[in-house]
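To keep things clear, I will list the structure first and then write my remarks on it.
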There are 2 protein chains.
Amino acid sequence: MTTILLCDDHVVVRAGLLALLGSEPDIEVLGEAGSGEEAVALAAKLGPDVVLMDLQLGAGIDGVEATRRITALPNPPHVLVLTTYDTDADITRAINAGATGYLLKAERPEDLFAAIHSAAQGHTTLSPPVANRVMAQMRGTRPTLTERELDILGQLARGLGNREIARALFISEATVKTHLGRIYDKLGVDTRAGAVSVAKEQRLLPS
Amino acid sequence: MTTILLCDDHVVVRAGLLALLGSEPDIEVLGEAGSGEEAVALAAKLGPDVVLMDLQLGAGIDGVEATRRITALPNPPHVLVLTTYDTDADITRAINAGATGYLLKAERPEDLFAAIHSAAQGHTTLSPPVANRVMAQMRGTRPTLTERELDILGQLARGLGNREIARALFISEATVKTHLGRIYDKLGVDTRAGAVSVAKEQRLLPS
DNA sequence: CCGCGCATCAGCCGATCGGATGACCCCGGG
DNA sequence: CCCGGGGTCATCCGATCGGCTGATGCGCGG
């Protein structure tokens, strides 16, 4: 028997997961959360084996932050990310935040069940497209940006200036420029517009 | 009684809709499709009152194209778009393709039921955020870029500077800046990076 | 014929960017 | 224990950008 906590801001998705998981005899859904904050609170209170976590959560903290907080709990559950996108940035951020697995919503139900049971035992499961991207990254095909550089890139794509990026990330403008220089270097460009373009094409950023 | 056809590439979403709609006595789900092509075929075969259509369908034709084909059928059903994003481009494309309504997945179930019944009678229903965007669009700003502006945008995405863009398109630097200003205006940004980002997301540029 | 959208061009100016250089701190591994 | 990577910060400066105002020419439709 594996106990589960659901976290997704969409009612239909939660209902879908409930319906799917309800048909599995050895899976029990302890509760559901519509926001990251709620998920953290319920994870602490209910103590499930696995948390199924969406990354896009609308208002409040996002799935990555929720994952970070949940895995920081005493005796934490395993977090299985279940989302729509296989963007590099999302994948690395989720894994760095402590996620045990990364599944796409398009996955077949049987694979979802299998992944949940694997996750309950701490085993990592990645959807095939995700696994491919991770592999490609291993082979050094594409430039590997650090966590922080991806943060900068994200703000950059919002069209923010250096000062605004600095304020958004609580660092100095000088540091932003340092990171930007390295990003340009890794992406082989020398302007912000070029960086955004390459990042979108390499799927380093959601699009 | 209103008969429905579901179209979404995500199993969990379909299951969720089935579960939700199953609890409604005067709604009957005739079938479900996991791709746009399948949805068109099933719509022709089953003749539902309403098709619930997601816009992002993974492989094959997208929801907009599926909507276009379904509304081109003889005695066509009403298409109610049910998606995650309220971006201008998606909304206008869906409506131009013949969609009767445009709902967000985050909508409350009761609103979904109401929208389905409205759609069955040909009435339009828009989620509040969508309605707001449509209104804003009515009031003047329409993001239609001219050919030339798209040319500029293309060079911009290559990371070129104004002087380089000018030389690439055989015009003066001043003209480039004029176009850029108008592009910023239309896209609602004020930097080149922001313009590239929006353009890629709105699919104004190849990605 | 006149208005209007589109494309073209000019000059000005403050704000911002990009590059270069050097520095400090923390942490984990050899 | 020292090295290196990642993150942080500072200063300087020339190049570029973005906003502004204004102007010309062209084609199309009322």
Side-chain angles (χ1 to χ4, degrees), chain A residues 64-65 68 72 88-89 91-98 137-138 140 142-199 204, chain B residues 137-199 204:
Chain A
V64 172
E65 181 56 29
R68 208 185 312 279
D88 287 353
I91 297 171
T92 58
R93 291 157 74 87
I95 291 178
N96 287 337
Q137 212 155 359
M138 293 299 194
R142 87 184 63 249
T144 30
L145 298 192
T146 68
E147 186 74 11
R148 207 51 169 157
E149 284 160 359
L150 287 174
D151 288 340
I152 306 279
L153 203 47
Q155 303 303 315
L156 189 59
R158 295 176 51 202
L160 301 187
N162 290 345
R163 186 168 307 137
E164 297 167 299
I165 296 176
R167 272 201 266 270
L169 300 181
F170 306 104
I171 55 180
S172 89
E173 207 175 325
T175 306
V176 173
K177 296 182 72 172
T178 304
H179 283 307
L180 271 181
R182 274 196 281 270
I183 291 173
Y184 293 162
D185 210 31
K186 290 184 178 178
L187 297 185
V189 301
D190 56 0
T191 64
R192 348 186 108 223
V196 170
S197 184
V198 171
L204 296 172
Chain B
Q137 215 155 357
M138 292 299 197
R139 286 191 253 278
T141 315
R142 79 186 30 157
T144 317
L145 298 194
T146 69
E147 280 304 306
R148 207 52 170 160
E149 285 160 357
L150 286 174
D151 289 340
I152 306 280
L153 205 46
Q155 304 303 314
L156 189 58
R158 294 176 50 201
L160 302 187
N162 290 345
R163 188 169 307 137
E164 297 167 299
I165 296 177
R167 273 201 266 269
L169 299 180
F170 306 106
I171 56 181
S172 90
E173 206 176 326
T175 306
V176 173
K177 296 181 70 172
T178 306
H179 283 307
L180 272 180
R182 273 197 281 271
I183 291 173
Y184 294 162
D185 213 29
K186 290 183 179 179
L187 297 186
V189 300
D190 56 0
T191 64
R192 353 188 106 217
V196 171
S197 184
V198 170
L204 297 172

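Throughout, protein chains are lettered first and strands after them, A, B, ... in sequence-line order, and every chain is numbered starting at 1.
- In this structure, of dA7(C), dG6(D), dT8(D), it is dT8(D) that holds the atom nearest to the side chain of R182(A).
- Comparing dC9(D), dA7(C), dG18(D) by their nearest atom to the side chain of R192(B) picks out dG18(D).
- A side-chain donor-acceptor contact under 3.5 Å links T191(B) to the backbone of G159(A).
- Across all their heavy atoms, A195(B) and L156(B) have their closest contact at CB-CD2, 4.1 Å.
- Salt-bridge formation is detected for the pair K186(B)/E149(B): a Lys NZ or Arg NE/NH1/NH2 atom is positioned less than 4.0 Å from an Asp or Glu carboxylate oxygen.
- For dG18(C), the OP1/OP2 oxygens have no side-chain nitrogen or oxygen of T191(A) closer than 4.0 Å.
- Residues from residues 160-171 of chain B that place a heavy atom under 4.0 Å from any atom of DNA chain C, listed by number: I171(B).
- Here CZ of R167(A) is found 12.0 Å from CD1 of I165(A). Values are rounded to the nearest 0.5 Å.
- One distance of note links CD1 of I171(B) with CZ of R148(B); it measures 5.0 Å at 0.5 Å rounding.
- A salt bridge links R68(A) to E65(A): one of the charged nitrogens lies within less than 4.0 Å of a carboxylate oxygen.
- By the 4.0 Å N-to-carboxylate-O rule, D185(A) lies too far from R182(A) to be salt-bridged with it.
- Distance CG (L150(A)) to C1' (dG6(D)): 13 Å, rounded to an integer number of Å.
- Following rounding to the nearest Å, E147(A) (CD) and dG5(D) (C1') show an atom-to-atom distance of 15 Å.
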Between protein and nucleic acid, restricted to nucleotides 25-29 of chain C and to nitrogen or oxygen atoms under 3.5 Å apart, what atom pairs and distances do you find?
none

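- For the OP1/OP2 pair of dT8(C) and a distance below 4.0 Å, the side-chain nitrogens and oxygens of R148(B) include at least one atom meeting the criterion.
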Let me see the working for Q155(B) and L169(B) under side-chain contact (heavy atoms from CB on, under 4.5 Å), right down to the final yes or no. CA-CA 9 Å; Q155(B) 304 303 314; L169(B) 299 180; 4.3 Å; yes

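- Between A166(A) and S172(A), the shortest heavy-atom contact is CB-C, 3.8 Å.
- Atom OG1 of T175(A) is separated from atom CD of E173(A) by 10.0 Å, given to the nearest 0.5 angstrom.
- Across all strands shown, T175(A) has heavy atoms under 4.0 Å from base atoms, whether or not it also approaches the sugar-phosphate.
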Below 3.5 Å is the cut-off: list the nitrogen or oxygen pairs between protein and nucleotides 19-22 of chain D, distance only.
| from | atom 1 | to | atom 2 | distance (Å) |
| --- | --- | --- | --- | --- |
| dG19(D) | O6 | K177(B) | NZ | 3.2 |

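- Atom P of nucleotide dG7(D) and atom CD1 of I183(A) are separated by 10 Å, given to the nearest angstrom.
- Atom CG of D185(B) is separated from atom P of dG5(C) by 14 Å (rounded to the nearest Å).
- Look at CG on D151(B): it is 14 Å from C1' on dT8(C), rounded to the nearest Å.
- Spacing between atom NE2 of H179(B) and atom P of dG5(C) amounts to 16 Å, rounded to whole angstrom units.
- Annotation for L160(B) and R192(B): closest pair O-NH1, 3.0 Å, computed over non-hydrogen atoms.
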